[in-house]
Number of protein chains: 2
Amino acid sequence: MKTLGDTLKCAREEKELILRKVAAEVDIDQSLISKFEKNERKPTMEQIVRLAKFYELPESELIINWYSEKIADELKYTESTSEILKVAEEKINYYKAQENGK
Amino acid sequence: MKTLGDTLKCAREEKELILRKVAAEVDIDQSLISKFEKNERKPTMEQIVRLAKFYELPESELIINWYSEKIADELKYTESTSEILKVAEEKINYYKAQENGK
DNA sequence: TTATTTTAGACAAATATTGTCCAAATTTAT
DNA sequence: ATAAATTTGGACAATATTTGTCTAAAATAA
């Protein structure tokens, strides 16, 4: 299972960059970036965008990983998760339909 | 689309109770309960449990609603939501499998 | 070993959530 | 219509959660 952290770490290793260097370029503390790679902290959306740009990764891939991990974290110790996700999707579709027909 | 707030309000009206009364019984400010019913605030899990008990509603129904609304809120203005949910489910299943085989 | 890179942990700063109160608005009853 | 009761909105303080920063320990490479 490839995590957001894995993706970021791979991207950095591909380019053979050290944390200090990336940190300077994207203006994020190197310790934070290390934690992103180890999934100990979640980047903010703005950080995601900057990292995607810097590593030349598709932003959408990172965002999908970001949200799905957030949700997985929330439901990790919960029952009826597939039911919850099913209902969540229904509600989202309902809200979005509302928005369009506004 | 039946919300958690709808469920709580219906339950209260079924029993013909006023907010003040419920508030006293479950020890939650009546203004808060009003907001729960209008989906302006989310109850905490503890409050969910107390309300379910008081109204004699299945706790799991409320919890499913609670989580699914939380997720729907998070994804309301996001793209690729069904992809996100799909990936989220995969990750959850992965984590849970890990837990069992620990 | 020494130098470099990565990681862990503590802590303050910034955000977000929650509970409480009160008065305005709404509804119901007289 | 007025008065009484109920519901609701909004402001604010209290709490909790998340985030950024720093420092030094741990790990890795030279």
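Here is how names work: the chains are called A, B, and so on, in the same order as the sequence lines, proteins then strands, and each is numbered from 1.
- With rounding to whole Å, A/I18 atom CD1 is found 4 Å from C/dT5 atom P.
- Put simply, CD1 on B/I33 is 14 Å from P on C/dC21, counting in whole angstrom units.
- Taking the side chain as every heavy atom from C-beta outward, A/I63 and B/E79 never approach each other to under 4.5 Å.
- Across the protein-nucleic acid pair, A/L17 atom CG and C/dT5 atom P stand 12 Å apart, rounded to whole Å.
- Residue A/Q47 comes nearest to A/I28 through the heavy atom pair CG-CD1, 3.7 Å, listed as atom of the first residue, atom of the second, then distance.
- If you check every strand for non-hydrogen atoms under 4.0 Å, A/Q30 touches a base.
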Contact letters for nucleotides 17-23 of chain D, in which S counts primed atoms plus P, OP1 and OP2 and B counts the base, heavy atoms under 4.0 Å: --BBBB-
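- Atoms NZ (A/K38) and P (C/dT5) sit 18 Å apart, rounded to a whole Å.
- The shortest distance between side-chain heavy atoms of A/K38 and A/K9 does not fall below 4.5 Å.
- Atom NZ of residue B/K91 and atom NZ of residue B/K96 lie 16.0 Å apart, to the nearest 0.5 angstrom.
- Dashed line: the shortest gap from a side-chain N or O of A/R20 to OP1 or OP2 of C/dT7 is not under 4.0 Å.
- Rounding to the nearest 0.5 angstrom, the gap separating the CG atom in B/L62 from the OG1 atom in B/T7 is 6.5 Å.
- Between its two ends, the helix from C/dT1-D/dA30 to C/dT30-D/dA1 turns its axis by 40°, counting five pairs per end and rounding to 10 degrees.
- Summarising the geometry, the separation between NZ on B/K9 and P on C/dT26 is reported as 14 Å, rounded to the nearest angstrom.
- If you chain together hydrophobic residues whose side chains sit under 4.5 Å apart, A/V26 and A/M45 fall into the same group.
- Protein atom CD of A/E16 is 15 Å distant from nucleotide atom C1' of C/dT5, rounded to whole Å.
- Here the P atom of nucleotide D/dT28 and the CD atom of A/E13 are 12 Å apart, to the nearest Å.
- Look at CD on B/E40: it is 13 Å from P on D/dA11, rounded to the nearest Å.
- With rounding to the nearest 0.5 Å, the separation of CG in A/L8 from CD1 in A/I48 is 6.0 Å.
- Nearest heavy atom pair, residue B/N65 against residue B/T3, reads OD1-C, 4.1 Å.
- Rounded to the nearest 0.5 Å, atoms OH (A/Y55) and CG (A/L17) are 6.5 Å apart.
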